[in-house]
*Asks:* 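Take this structure, written in structure tokens, and hold onto it; I'll ask about it next.
The sequence lines fix the lettering, A, B, ..., with proteins before strands; numbering per chain opens at 1.
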There are 2 protein chains.
Amino acid sequence: MRISEAASRSGLKIDTIRYYEAEGLVPNVARGGDGQRRFSQENIDWLTLLYWLRETGMPMKVMQRFAALYAQGDETIPDRKEILLDHSRRLAKRRHDLDRCDEILARKLEIYEEYLK
Amino acid sequence: MRISEAASRSGLKIDTIRYYEAEGLVPNVARGGDGQRRFSQENIDWLTLLYWLRETGMPMKVMQRFAALYAQGDETIPDRKEILLDHSRRLAKRRHDLDRCDEILARKLEIYEEYLK
DNA sequence: TTCTTGACCTTGAGTTGCTCCAGGCCGGTA
DNA sequence: TACCGGCCTGGAGCAACTCAAGGTCAAGAA
């Protein structure tokens, strides 16, 4: 697969994929004889995972560490598991923040309604 | 109130408050005779709202517009209401993203477990 | 066959939204 | 009077993209 398809499948932009690769977040991207990137299904799955991790606020440093472990093979699975569990805990915190903000917005909107009445 | 107290009450850092003020996000910050900022309760409430809007991903441009309307007085309440409703819709989208990511993480962790067994 | 188009490449600059630091002022305390 | 903490400003640094310039190459149209 070429980069445009990798982008549309993973959700990341083309520029972002190139940037991530340069930063070591995407191991094993092959190149065709023309020098262009070729993405395997495994690459796409990995990019998709990165997309969701980014979308939910994982910092690049963590992704870098995660990618480095991934590149090292299966014996790093316990470490990777730790990272994902950790992120999952962050998601819970974020959900809590959303709830809190919802409350605040609801209260504010109530005040506006009161004023507009 | 001085800036350190404004920071601890709103959740924003001191530097962030100064930055926000410089960018026009915080109308009507008074100064004492010594040139130092004095924050009213209204300022604090406003900063706290900004804290939650930022925390949940509102871009600065939107906050800027929101602040400009706020500074113009009560007749802009309908516009401000629109902005908050809009943001509230974004929060729903974000919650959906969190759910989606949770699923993906759960699936990934399952695969890891399978491997570690 | 030459020309154009489109997708890709690299390098480097620009943007957003903070965050931190240097250097300076001022009021209170030892 | 010397020091301290908290405040000030201006400007540099940073994270994570995002975009623009300039170039290559394959494929199809004229």
*Asks:* Quick one: does Arg100(B)'s side chain get under 4.5 Å of Ile104(B)'s, heavy atoms only?
*Replies:*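 With C-beta onward as the side chain, the pair touches.
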*Asks:* Got a salt bridge between Asp99(B) and Arg95(B), using NZ or NE/NH1/NH2 to carboxylate O under 4.0 Å?
*Replies:*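 No salt bridge links Asp99(B) with Arg95(B).
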*Asks:* Using 0.5 Å steps for rounding, measure from the CD atom of Glu82(A) to the CG atom of Leu85(A).
*Replies:*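 Here the interatomic distance stands at 5.5 Å.
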*Asks:* Verify side-chain contact (heavy atoms from CB on, under 4.5 Å) between Arg80(A) and Leu84(A), making sure each step is shown before the conclusion.
*Replies:* CA-CA 6 Å; Arg80(A) 284 189 262 157; Leu84(A) 293 193; 5.7 Å; no
*Asks:* Please output the side-chain donor-acceptor pairs of residues 108-116 of chain B that fall under 3.5 Å, not counting sequence neighbours, one pair per line with the distance.
*Replies:*
from, atom 1, to, atom 2, distance (Å)
Glu113(B), OE2, Lys81(A), NZ, 2.8

*Asks:* About how many Å separate OG1 of Thr16(A) and CG of Leu47(A), when rounded to the nearest 0.5 Å?
*Replies:*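 Answer rounded to 0.5 Å: 10.5 Å.
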*Asks:* Checking Asn43(A) against Ser40(A) for the side-chain hydrogen bond (donor to acceptor under 3.5 Å, both in side chains) test, could you report, in this order, the C-alpha distance in whole Å, the side-chain angles of both residues, the deciding distance, and whether it holds?
*Replies:* CA-CA 5 Å; Asn43(A) 288 150; Ser40(A) 65; 3.2 Å; yes
*Asks:* Could you tell me whether Asn28(B) atom CG has more than 12 heavy atoms of other residues or ligands within 6.0 Å of it?
*Replies:*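 Not more than 12 within 6.0 Å, no.
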*Asks:* Partners of Asp15(A) by salt bridge (Lys or Arg N to Asp or Glu O under 4.0 Å), sequence neighbours excluded?
*Replies:*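 Only Arg18(A) meet the salt bridge (Lys or Arg N to Asp or Glu O under 4.0 Å) criterion with Asp15(A).
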*Asks:* Within the structure provided, determine whether Leu98(A) and Leu98(B) are in side-chain contact (heavy-atom separation under 4.5 Å).
*Replies:*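 The answer is yes, as the side chains (C-beta and beyond) meet within the 4.5 Å cut-off.
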*Asks:* Show the distances under 3.5 angstrom between N or O atoms of the protein and N or O atoms of nucleotides 9-13 of chain C.
*Replies:*
from, atom 1, to, atom 2, distance (Å)
dC9(C), OP1, Arg37(A), N, 2.8
dC9(C), OP1, Arg37(A), NH1, 2.7
dC9(C), OP2, Arg18(A), NH1, 2.5
dC9(C), OP2, Arg37(A), NH1, 3.2
dC9(C), O5', Arg37(A), NH1, 3.3
dC9(C), O3', Arg31(A), NH1, 3.4
dT10(C), OP1, Arg31(A), NH1, 3.3
dT10(C), OP1, Arg31(A), NH2, 3.2
dT10(C), OP2, Arg37(A), NH1, 3.3
dT10(C), OP2, Arg37(A), NH2, 2.8

*Asks:* Is a side-chain N or O of Thr48(A) found less than 3.5 angstrom from the main chain of Ile44(A), in a donor-acceptor match?
*Replies:*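 Yes, Thr48(A) side chain to Ile44(A) backbone: donor-acceptor pair under 3.5 Å.
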*Asks:* Would a 4.5 Å heavy-atom cut-off, applied to side chains only, mark Gln36(B) and Arg31(B) as touching?
*Replies:*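 The answer is no; the side chains never approach within 4.5 Å.
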*Asks:* Checking Asp86(B) now: which residues fulfil salt bridge (Lys or Arg N to Asp or Glu O under 4.0 Å) with it, not counting sequence neighbours?
*Replies:*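 Counting only residues at least two positions away or on another chain, Asp86(B) forms a salt bridge (Lys or Arg N to Asp or Glu O under 4.0 Å) with Arg89(B).
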*Asks:* Can you confirm whether Ile17(B) sits close enough to Phe39(B) that some side-chain heavy atom of one is under 4.5 Å from a side-chain heavy atom of the other?
*Replies:*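 Yes, at least one pair of side-chain atoms sits under 4.5 Å.
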*Asks:* Between P on dC18(C) and NZ on Lys13(B), what's the gap in Å once rounded to a whole number?
*Replies:*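 It is 11 Å, rounded to the nearest whole Å.
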*Asks:* Side-chain polar contacts of residues 1-8 of chain A - donor-acceptor pairs under 3.5 angstrom, sequence neighbours left out - could you list them?
*Replies:*
from, atom 1, to, atom 2, distance (Å)
Glu5(A), OE2, Arg9(A), NE, 3.1
Glu5(A), OE2, Arg9(A), NH2, 2.5
Ser8(A), OG, Glu5(A), O, 3.1

*Asks:* Got more than 12 heavy atoms from elsewhere within 6.0 Å of CZ, Arg90(B)?
*Replies:*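 No.
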*Asks:* Could you identify which residues of residues 87-99 of chain A place a heavy atom less than 4.0 Å from some atom of DNA chain D, listed by residue number, or say none?
*Replies:*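 None, since no heavy atom is under 4.0 Å.
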*Asks:* For the atom pair CG (Leu105(B)) and CZ (Arg107(B)), what is the distance rounded to the nearest 0.5 Å?
*Replies:*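 Atom-to-atom, Leu105(B):CG and Arg107(B):CZ are 10.0 Å apart.
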*Asks:* If you walk 5' to 3' along DNA chain D, what is the first nucleotide with an atom under 4.0 Å of a heavy atom in chain B, and what is the last?
*Replies:*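 Boundary nucleotides touching chain B, in 5' to 3' order, are dC7(D) to dT9(D).
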*Asks:* Output a table of donor-acceptor pairs, distance under 3.5 Å, between side-chain atoms of residues 52-70 of chain B and any protein atom two or more places apart or on a different chain; print 'none' if there are none.
*Replies:*
from, atom 1, to, atom 2, distance (Å)
Thr56(B), OG1, Trp52(B), O, 2.6
Thr56(B), OG1, Leu53(B), O, 3.2
Thr56(B), OG1, His87(B), NE2, 2.9
Gln64(B), NE2, Glu23(B), O, 3.1
Tyr70(B), OH, Glu42(B), OE2, 2.6

*Asks:* Tell me whether the count of non-hydrogen atoms from other residues, nucleotides or ligands lying under 6.0 Å of CG in Asp34(A) goes above 12.
*Replies:*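 Check passes, neighbour count above 12.
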*Asks:* Which residues within residues 63-71 of chain B lie with some heavy atom under 4.0 Å of an atom in DNA chain C?
*Replies:*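 By residue number: none to list.
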*Asks:* Is Arg37(A) atom CZ crowded by more than 12 heavy atoms from other residues, nucleotides or ligands, each under 6.0 Å away?
*Replies:*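 Atom CZ in Arg37(A) is packed in, count exceeds 12.
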*Asks:* At a heavy-atom distance below 4.0 Å, what parts of residues 45-60 of chain B sit against DNA chain D?
*Replies:*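 Heavy-atom contacts with DNA chain D come from no residue of residues 45-60 of chain B; none.
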*Asks:* Between residues 19-28 of chain A and DNA chain D, which residues have a heavy-atom gap below 4.0 Å?
*Replies:*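 Those residues are Tyr19(A), Tyr20(A).
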*Asks:* The helix from dT1(C)-dA30(D) to dA30(C)-dT1(D): angle between its terminal axes, five pairs each, to 10°?
*Replies:*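 End-to-end axis angle: 20°.
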